[in-house]
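Sequence lines set the chain letters: A, B, ... in the order given, protein chains first and strands last, and positions in each chain run from 1. Keep in mind the model is a prediction, meaning the values are calculated, not measured.
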Amino acid sequence: MDFLAGLNPQQREAVVTVDGPLLILAGAGSGKTRVITHRMAHLIQDRGIPGYAILAVTFTNKAAGEMKERVLGLLGGARSSAPNVSTFHSFCVRLLRRDGVNLAQLRPGFTTAFTIYDHDEQMAVIKQTYRALGLDDKFMQPSAALSRISHGKNQKETPQDFYKNAKDPKMSRLAVVFEQYEARLRTNNALDFDDLLLESVRLLLHDDAVRMNWNQRVEYLLIDEYQDTNRSQYELMRLLAGARHNVCVVGDEDQSIYGWRGANIRNILDFEKDFRGAKVIRLEQNYRSTKNILDGASAVVARNTERMGKWLWTEADAGERIGLYEAWDAENEALFIADTIDRLLSANPKQQVAVLYRTNFQSRQIEEALRRYGRAYSVVGGFSFYQRAEIKDILAYLKLTLSPNDSMAFSRIINTPARGIGKTTLEGVEIFSNTNNISMWDAMCRMLDANQLPARAQAALSGFRRMMEEARQELAGQPVHDILGNLLERTGYRAMLKEDPSPEAEARLQNLEELLNAASEADERGETPVTFLDHAALVAEADSVDDVASISLLTIHNAKGLEFPVVFLCGMEENLFPHSRSLASESLIEEERRLCYVGMTRARRRLYLSWARQRRRYGGGPAEASMPSRFLAEVPTKLLEPLTPGRQTPQVDLYAERHHVQEAARRNSFTGKTYNSLENISQFFNDRGVAAPAPARKDPNPFPVARPAAAAPAAAAAKPAVAAPAAASSPARKTRGSRVGAVVRHPKYGRGTILRKEGDGADAKLTINFPGHGLKKLFEKFAGLTIEE
DNA sequence: AGCGGTGTCATTTTT
DNA sequence: TGACACCGCT
């Protein structure tokens with residue numbers, strides 16, 4: 001087979017350039033996967049490279065699987081010549097299990113039988129350390145603590161670094177949490193997702209034999225979605241590339257949207273500097289979208305400064321203009337979308353449509369609207385099979401059977417099903433295990449042997465111990481399916497669900513049956529229980545989400561890599577998209593802009609952008625007036641088709657003006673929280689002597705009869721040209737410096753940090769953390785505070 | 001041990 | 001609004 005046939009010149013070059021470092025900048029819809037798969041097939045068939053000497057790394061199992069299948073298809077299905085295609089994480093697990101023995105020198109307690117902690121288990125560890133340290137959520141959301149720790153780990157920071165760099169008591173406490181978190185993972189011989197990468201890097205760095213072995217074996221290395229790699233993935237790549245530098249990275253800096261998760265866009269921007277003599281090939285011909293869509297998206301992303309620069313072109317027709325709908329409120333926006341979809345589907349029932357949004361909560365109103373039209377839809381994302389409680393429970397039993405010292409598994413199922421082991425008992429075991437630095441299982445055994453527990457607890461725990469010990473003896477060496485089936489009976493888990501008459505319990509039983517099926521299949525492949533568990537930990541979706549549903553609802557993040565003939569990109573409003581939390585810095589805004597680009601380029605034929613003049617953020621809360629997203633102003637006017645009834649031209653001049661003024665306001669940087677739009681907006685109306693817009697009325701026939709677009713208060717709200725500066729200089733912003741986070745001095749308690757502020761001005765109530773004195777709630781006017789920072 | 005009331009807080013989430 | 005943690009009651 002000729003692997004170059006049907007490729008454009010740049011694609012061909014990317015396929016045949018196999019030696020030396022190569023960066024393939026693959027724009028959206030430029031045939032990236034085609035190039036990658038053809039390149040591998042070319043290496044194997046035309047250049048005689050054995051499959052095992054090629055390692056391709058992707059981010060998702062789905063991508064890995066598809067890529068492998070496609071290469072095999074090109075090669076005519078000879079499995080023996082298949083290249084190695086795997087995700088970063090599963091590659092690392094295999095590496096560590098196979099070659100990780102010497103890691104024990106670097107990581108005390110490490111054995112190749114380690115367990116993997118997923119997000120839930122990481123959270124559980126964080127909560128344990130909170131309990132052990134007597135911290136509560138007010139200190140910091142556990143999820144926030146986890147994400148900061150994870151971020152730190154990916155930057156190679158240690159708890160000591162955290163401590164050293166701590167600017168306030170909060171950060172030094174976080175350092176302690178970090179330290180304990182790491183210690184707990186080590187005592188449990190557990191690795192979190194970050195560790196899989198970090199420890200693989202350490203292993204390759206320190207174990208010369210292992211590194212040389214891999215360097216010898218991997219002749220050609222390929223990294224997909226390179227713009228999303230983080231620091232340790234980068235280091236891993238360098239180590240695997242060895243001295244040969246036959247490394248091909250494929251990516252698109254304009255689609256880097258996971259910076260918040262530690263992805264480092266500099267990796268792709270600096271590739272040419274990192275690898276001297278690197279060749280760069282740009283794939284700029286787009287085969288997906290119409291010219292109008294492509295030009296619109298390109299114009300938006302062109303505003304970014306952190307990019308290599310590409311200009312996508314297409315041979316396709318201009319197509320229709322990009323629809324722009326300005327809704328009165330979110331409900332009206334949802335109805336517009338549902339109505340338009342309804343008409344599209346009536347005309348063509350096979351039409352595939354996607355509705356994309358920035359945040360999940362937006363899906364609710366769209367769903368409601370679609371239900372009103374009686375249209376079936378599917379929401380993509382959400383809970384995956386292996387994240388379900390019942391699956392995790394029974395897998396925890398399996399883990400505990402294999403390794404009793406897995407304390408996470410232990411505390412997960414110790415009282416599931418209920419066997420009379422309560423909070424108090426469990427706390428006792430936990431404290432004992434903490435103070436003696438032993439596993440929960442060992443702690444339980446020691447306590448049982450000491451025979452000092454209350455009779456009830458003693459009986460319950462010893463029953464549990466006997467059950468697990470018997471299971472361990474009887475089930476050793478059996479197929480995974482049999483072990484799981486036996487555990488379901490033995491532990492009473494199945495009985496518990498059978499007794500429960502609720503439909504949920506029925507669904508859970510079915511899920512467990514599905515798990516048993518998966519186990520049988522694993523047995524047929526000759527997998528061990530450990531491999532089976534690895535798979536469960538690393539596979540996000542049981543089977544891919546690719547339903548054939550004609551209406552898909554999903555976040556833009558989830559839409560990456562997908563394409564649809566018709567796309568609605570909704571909620572194009574400031575503070576929502578770009579998200580309020582991204583307003584703080586230009587680089588965050590740039591990531592939002594890339595996200596916008598990703599969303600727009602999902603569309604093949606027809607793209608609709610929409611925004612709502614007012615929107616409730618939280619169900620019953622007040623409707624907040626919104627400003628159109630700056631990204632709307634960045635789409636050239638001539639490409640837009642205004643769809644709002646009664647409006648002939650899109651008001652992009654307004655958007656542009658707003659954007660301009662807002663930029664200026666931001667440069668005058670006022671310090672308070674910028675996302676408190678409620679305050680800003682009411683202030684704005686006060687200043688202008690206008691009543692704030694009333695919450696949206698329930699309209700009996702809300703669509704397609706749109707409300708008059710210029711209903712007075714809303715029109716005022718939509719003229720934000722003056723709103724931003726007004727808010728910036730408003731007296732409400734004047735505080736006495738006692739903002740949250742400020743360091744203050746109290747005559748008695750000394751230095752402290754303000755954690756919370758209720759109320760304003762002199763009546764403000766402050767919650768302050770004074771190291772050594774704990775939290776104090778004080779009235780600002782009585783406290784006699786002085787501001788230090 | 002388990003239930004129900006109350007208070008609090010809200011991005012995105014490939015592994 | 002809705003998911004959740006926490007508290008106090010039984």
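Between A/F88 and A/F361, the residue anchored nearer the 5' end of DNA chain B, judged by the nucleotide with its closest heavy atom, is A/F361. Mapping A/T555 and A/N415 onto DNA chain B by nearest heavy atom places A/N415 closer to the 5' end of the strand.
Evaluation of atom-type donor-acceptor distances gives no pair under 3.5 Å for the side chain of A/R581 against the base of B/dT11.
Distance from the side chain of A/K127 is smallest for C/dA5 among the nucleotides C/dA5, B/dT14, B/dC9. Closest approach to the A/R358 side chain among B/dT14, B/dA1, B/dT12 is made by B/dT12 (side chain taken as heavy atoms from C-beta onward). For A/N558, counting side-chain heavy atoms from C-beta on, the closest listed nucleotide (B/dT11, B/dT15, B/dT14) is B/dT14.
For A/N264, the side chain to side chain contact (heavy atoms under 4.5 Å, CB included) partners two or more places apart in sequence, or in a different chain, are A/R266, A/N267. A search for side chain to side chain contact (heavy atoms under 4.5 Å, CB included) contacts involving A/S143 returns A/M123, A/Q141, not counting sequence neighbours. Under the side chain to side chain donor-acceptor pair (under 3.5 Å) criterion, A/E590 pairs with A/T305, not counting sequence neighbours. Judged as a side chain to side chain contact (heavy atoms under 4.5 Å, CB included), and not counting sequence neighbours, the contacts of A/M67 are A/I36, A/T37, A/M40, A/T58, A/V85, A/D224. For A/D534, the side chain to side chain contact (heavy atoms under 4.5 Å, CB included) partners two or more places apart in sequence, or in a different chain, are A/V93, A/R97, A/I116, A/V530. Listed by chain and residue number, nothing satisfies the salt bridge (charged side-chain N to carboxylate O under 4.0 Å, His left out) test with A/K127 (two or more places apart in sequence, or in another chain). By the side chain to side chain donor-acceptor pair (under 3.5 Å) test, A/S30 pairs with no residue at all, sequence neighbours left out.
Separating the CG atom of A/L146 from the P atom of B/dT13 is a distance of 16 Å, rounded to the nearest angstrom. Spacing between atom NE2 of A/H535 and atom P of B/dT15 amounts to 11 Å, rounded to whole angstrom units. Regarding A/M123, its CE atom lies at a distance of 13 Å from the C1' atom of B/dT13, rounded to whole Å. Counting to the nearest Å, the P atom of B/dT15 and the CG atom of A/D224 are 13 Å from each other. Nucleotide B/dT14 holds its C1' atom 14 Å from the CG atom of A/L595, rounded to whole Å. A/N230 places its CG atom 11 Å from the C1' atom of B/dT15, with the value rounded to the nearest Å. Rounded to an integer number of Å, the gap from A/E368 CD to C/dT1 C1' is 10 Å. We find that CD of A/E225 is positioned 9 Å from C1' of B/dT14, with the value rounded to whole Å.
Between A/N360 and B/dT11 there is no side-chain N or O to OP1 or OP2 distance below 4.0 Å.
Near-neighbour residues of DNA chain B inside residues 416-427 of chain A, defined by a heavy atom below 4.0 Å, number-ordered: A/A418, A/G420, A/I421, A/G422, A/K423. Non-hydrogen atoms lying under 4.0 Å from DNA chain B are contributed by A/Y258, A/W260, A/R261, all within residues 250-267 of chain A.
When atom types are taken as modelled, the side chain of A/N230 and the backbone of A/Q233 share a donor-acceptor pair closer than 3.5 angstrom.
In this structure, A/H557 forms no aromatic stack with the base of B/dT12, since the conditions of centre separation below 5.5 Å and plane angle below 30° are not both met.
A salt bridge links A/K392 to A/D120: at least one charged side-chain nitrogen sits closer than 4.0 Å to a carboxylate oxygen.
Spacing of C1' atoms, B/dT14 relative to C/dA3, comes out at 25 Å, to the nearest Å. With P as the reference atom, C/dC4 and B/dT13 are 16 Å apart, rounded to whole Å.
Within a 6.0 Å sphere centred on CZ of A/R456, other residues, nucleotides and ligands contribute 12 heavy atoms or fewer.
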